[in-house]
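Proteins get letters first, then strands, A, B, ... in listed order; numbering begins at 1 in each. As a basis for the values below, the full set of heavy atoms in this structure was taken, side chains included, without hydrogen atoms, waters or symmetry mates.
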2 protein chains.
Amino acid sequence: MTPKKPHHHGNLQEALIDAGLALLAESGQAGLTLRKTAARAGVSHSAPAHHFDGLRGLLNAIAKRGFEMLLDYLRNVEHQNGNHDQPDPFKRLMVRVHAYLDFCDRNEPLFRLMFTEASYDDPELQKIALNCYQVLRDSCRPFTEGRNALEVEHAVWTMAHGFAVLGMNSPRPNAPAPNPPCEDMMRMLLLGPSNDTPD
Amino acid sequence: MTPKKPHHHGNLQEALIDAGLALLAESGQAGLTLRKTAARAGVSHSAPAHHFDGLRGLLNAIAKRGFEMLLDYLRNVEHQNGNHDQPDPFKRLMVRVHAYLDFCDRNEPLFRLMFTEASYDDPELQKIALNCYQVLRDSCRPFTEGRNALEVEHAVWTMAHGFAVLGMNSPRPNAPAPNPPCEDMMRMLLLGPSNDTPD
DNA sequence: TGCCCATAGTTGACAGTGTAAAGTTTGCTG
DNA sequence: CAGCAAACTTTACACTGTCAACTATGGGCA
């Protein structure tokens, strides 16, 4: 008799978030509906109202879960195959950036929800999103010596996010599609214009 | 009796786009509705079907108009107060970048529609968006000598867009909010790490 | 001139959406 | 064991996009 289990369903809150994530991955943002989410969780269409503040609340909760997944991904990517004990600080940073872009590619509708639909007034969401940013900040430290640290971190974060967003739906065709993506741009930013590859 | 005037309304197509832009500016994306747009243009809720392919078609047309506005803004910002004959190439570029960010700030719902809702399969939209990108490319020319031009342009575009998007709804509080925004980051990117302001 | 009909617009209907109110079940508490 | 609050259901409503059927207008062609 755990006190966590509510009366009927047994943690419907999390079940709804799971259902929403599944719908989002399957049919995109258009397929994520309060009623469909409820149906998928096996409850009536009005049940979510007792756990979230309407559709907005559900989307916010899903976004929060998304940031938790992203944080987990960013933190654990270091200890995965091929990324063990990377000594080069730039390569260590790029492992993080690539993880960020990977997450965006693999969860595009969720990523879009997290960054354009969620309301950042929620302090909980703000906190978990800040934790994600902190991982990137830590990877930037080797490049902030003698410079405005905030500015360097800001630039890296801006470029990584811009790359992710433009990669999703860029209006500009003939993108160079660098492989590995974004790396040359980051090199130019952090190591100076003399270090970028001439054509 | 100009042949451009259709039978009843007189260019309802453009009137619907105007109405949609007004709704978008007034009440955001949630307020932009096919029925409301039709009502604002003074026609029945089903009239737009004869001019656009459903809601998607209307949104696409509005996005197209948005890119036209952006292109106009980017091209004419040079000849405005305080921007006459800027000799410094970096400052000339920044005039363009600031125009880009200004447009985003002043038309946030439209900007979001242009970059996340419109379908870039439309070749017309692709073309006009490419024209916008071309203006930025031109401003990048002074910085592409002896470098991979595509890469430099890509980096500038990525950073500008990333900055615009994060400025709209950044999950990271305590943003440095540089004034003028984005300039120091761009300086770091284009002029090298030794040229950015130390703390 | 006068008919004809494609174009433009209207009306009505339908499935699906979010939300709110009222009713029902459940399981804990006094 | 009574009662009650939380969890869930049912019902209803306004609104959305889309479709089919209907009406009216005005230009082309006999």
Nearest-angstrom distance from the residue atom [atom1] of [X] to [atom2] of [N]:
X: Leu55(A); N: dC15(D); atom1: CG; atom2: C1'; value: 15 Å
X: Phe52(A); N: dA7(D); atom1: CZ; atom2: P; value: 12 Å
X: Arg40(B); N: dT16(D); atom1: CZ; atom2: P; value: 14 Å
X: Leu12(B); N: dT7(C); atom1: CG; atom2: P; value: 16 Å
X: His51(B); N: dA8(C); atom1: NE2; atom2: P; value: 6 Å
X: His50(B); N: dC19(D); atom1: NE2; atom2: C1'; value: 11 Å
X: Asp53(B); N: dC19(D); atom1: CG; atom2: C1'; value: 13 Å
X: Gln29(B); N: dT16(D); atom1: CD; atom2: P; value: 14 Å

Given the structure, check if the side chain of [X] and the base of [N] hold any donor-acceptor pair shorter than 3.5 Å.
X: Arg35(A); N: dG16(C); result: no
X: His45(A); N: dT11(D); result: yes
X: Ser46(A); N: dT19(C); result: no

Charged N to carboxylate O under 4.0 angstrom, [X] versus [Y]?
X: Glu26(B); Y: Arg40(B); result: yes
X: Asp18(B); Y: Arg65(B); result: yes
X: Arg96(A); Y: Glu78(A); result: yes
X: Glu68(A); Y: Lys64(A); result: no

key: Parallel, tilted or perpendicular: ring planes of Trp157(A) versus Phe115(A), cut at 30 and 60 degrees   =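 Rings of Trp157(A) and Phe115(A): tilted, 30 to 60°.
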task = Would you please confirm or rule out a distance under 4.0 Å between OP1 or OP2 of dT17(C) and any side-chain N or O of Lys36(A)?
result =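 Yes, because at least one side-chain N or O of Lys36(A) sits under 4.0 Å from OP1 or OP2 of dT17(C).
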ask   = Between Gly54(B) and Ala47(A), who's closer to the 5' end of DNA chain D by nearest nucleotide?
value =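 Going by which nucleotide is closer to the 5' end, it is Ala47(A).
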query = Which is true for Thr33(A) with a 4.0 Å heavy-atom rule: it touches a base, it touches only sugar-phosphate, or it touches nothing?
reply =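 Sugar-phosphate, no base atom in range.
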